[in-house]
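Read through the structure below, which is laid out as C-alpha cells, and then see the notes.
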Amino acid sequence: LGMFSELKFPVPWGHVAAKAWGPSEGHPVLCLHGWLDNANTFDKLIPLLPKGCYYVAMDFSGHGLSSHRPAGCPYHFLDYVTDVCRVAAALQWRRFTLMGHSMGNFSFSYCFISPQFCFLYPEMVDKLILLESLGFLLAPEDTEAWLKSKRKVIDRLLSLEAKQQPPKARSPEAALQRLLEANSHLTAEGGAILLQRGATETPAG
C-alpha cells in the first residue's frame, strides 16, 4: 500500500483533491484529516492497514491540493460534511467505512466532521474509526430537530447542484409572467421594474 494515486473531484468552486491506496474494487474507506492538516496525514498509517481495502484520503476544501472556497465565503462545519457527500457521490459509494482524525477540538468549525456525517447519514457508514477524537454529542431533546434541519440543508444544496442548467432565455413578456408566478405579491408594474435590473437581454431573449 505504499503506492498511491491522485484523484480530483469537481465541485462548483473548483475541485476536491484526494489520494487513494489499494485496489479500487476493495472495501471502501474514506479518510478525513484533522485540524489544518491534509491527506498526507495518512501516509504513514495506510501502509500498516489491511491490504484488501480501497483507502481514499481527501483534502477538505481550502486544504492540501483542494481548491479554496471563493474569498469571503466562510468554512462552516456543514460545508465539510457536504464535501464528504460530494466525494462519496463522485466515487459512487453508497456505503463505506469512515476514518477521521481529530478535525479539531480547537474550533467549532472543524469539530467532529466524521461523527457528524455518521449522525446525518447513518445509512452510508458501516464503521466509524476515530483517531484522537470524541463522538458527536447532542442533548437528546435536540437530536431530531438538528438531524432533520441540517440534512435538509445539505440534501437540498446537492439536489440543486445536480439539476443546475444554463439559464433559460424567455421573451420579456414570458420573463415577467414567470416572475409574477414565483412572487404572488408583485404587481405587473413592480415586476417590470425589477426585471429592468434582474434580467439580462441576449439575442435569444
Side-chain angles (χ1 to χ4, degrees), residues 1-121 124-136 150 153-154 157-158 161:
L1 285 174
M3 298 294 293
F4 65 88
S5 57
E6 291 283 354
L7 305 175
K8 274 188 179 182
F9 307 103
V11 293
W13 59 92
H15 68 269
V16 168
K19 299 172 73 169
W21 294 261
S24 58
E25 69 278 6
H27 181 79
V29 180
L30 188 61
C31 308
L32 308 182
H33 65 75
W35 168 251
L36 297 182
D37 294 341
N38 55 57
N40 278 8
T41 290
F42 297 97
D43 277 9
K44 297 292 186 181
L45 176 62
I46 299 294
L48 305 176
L49 299 181
K51 304 292 187 278
C53 296
Y54 184 48
Y55 300 94
V56 174
M58 57 183 280
D59 291 323
F60 282 113
S61 297
H63 297 70
L65 301 181
S66 287
S67 302
H68 289 254
R69 294 182 184 274
C73 292
Y75 290 81
H76 190 255
F77 75 89
L78 267 193
D79 298 324
Y80 292 116
V81 173
T82 308
D83 282 352
V84 176
C85 291
R86 289 187 175 100
V87 169
L91 290 165
Q92 298 183 315
W93 286 0
R94 299 174 66 92
R95 194 162 171 81
F96 53 92
T97 295
L98 195 58
M99 180 163 61
H101 174 237
S102 126
M103 210 41 173
N105 298 321
F106 311 111
S107 163
F108 181 71
S109 298
Y110 283 76
C111 181
F112 312 137
I113 303 303
S114 304
Q116 284 178 15
F117 181 86
C118 285
F119 188 59
L120 285 163
Y121 296 94
M124 295 183 71
V125 180
D126 60 11
K127 293 186 185 75
L128 173 63
I129 303 167
L130 297 177
L131 311 173
E132 297 183 304
S133 183
L134 299 173
F136 179 55
K150 298 301 184 280
V153 167
I154 294 173
L157 173 64
L158 295 177
E161 283 179 13

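Just so it is clear, the model here is predicted, and its values are computed rather than measured.
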Inset, instruction - Under the side chain to side chain contact (heavy atoms under 4.5 Å, CB included) rule, collect the residues that match up with Pro70, sequence neighbours excluded. - result: Trp13, Cys73

Inset, instruction - Sort and list the pairs that fulfil salt bridge (charged side-chain N to carboxylate O under 4.0 Å, His left out) and have at least one residue in residues 58-77, not counting sequence neighbours. - result: Arg69-Asp83

Legend entry - Audit row: His101, Leu45, side-chain contact (heavy atoms from CB on, under 4.5 Å) steps and yes/no: CA-CA 11 Å; His101 174 237; Leu45 176 62; over 6 Å; no

Legend entry - side chain to side chain contact (heavy atoms under 4.5 Å, CB included) partners of Pro10, counting only residues at least two apart: none

Inset, instruction - With the side chain counted from C-beta on, respond yes when Lys150 and Val81 share a heavy-atom pair under 4.5 Å apart, and no when they do not. - result: no

Legend entry - Note, Cys85 side chain near Leu158 side chain (heavy atom, < 4.5 Å): yes

Inset, instruction - Scan residues 29-56 for pairs that pass salt bridge (charged side-chain N to carboxylate O under 4.0 Å, His left out), counting only residues two or more places apart or in two chains. - result: Lys19-Asp43

Inset, instruction - With rounding to the nearest 0.5 Å, note down the distance linking OH in Tyr75 to NE2 in His68. - result: 5.5 Å

Inset, instruction - With rounding to the nearest 0.5 Å, note down the distance linking OH in Tyr54 to CG in Leu91. - result: 6.5 Å

Legend entry - pair Phe117-Leu32: side-chain heavy atoms closer than 4.5 Å: no

Inset, instruction - Answer with yes or no after comparing the ring centroid distance for His33 and Phe42 against a 6.0 Å cut-off, counting only values under it. - result: no

Legend entry - Leu65 and Glu6, any side-chain heavy atoms less than 4.5 Å apart: yes

Inset, instruction - For Cys118, check side chain to side chain contact (heavy atoms under 4.5 Å, CB included) against everything at least two apart and list the hits. - result: Leu98, Val125, Leu128

Legend entry - Nearest atoms (heavy-atom pairs only) where Ser61 meets Ser66: CA-CB, 4.1 Å

Legend entry - Candidate list Asp79, Thr82, Leu78, test side-chain contact (heavy atoms from CB on, under 4.5 Å), partner Leu157, passing option: Thr82

Legend entry - Contacts of type side chain to side chain contact (heavy atoms under 4.5 Å, CB included), residue Ile129, not counting sequence neighbours: Thr97, Met99, Leu131

Legend entry - Sole residue of Phe9, Trp93, Phe60 in side-chain contact (heavy atoms from CB on, under 4.5 Å) with Val87: Phe9

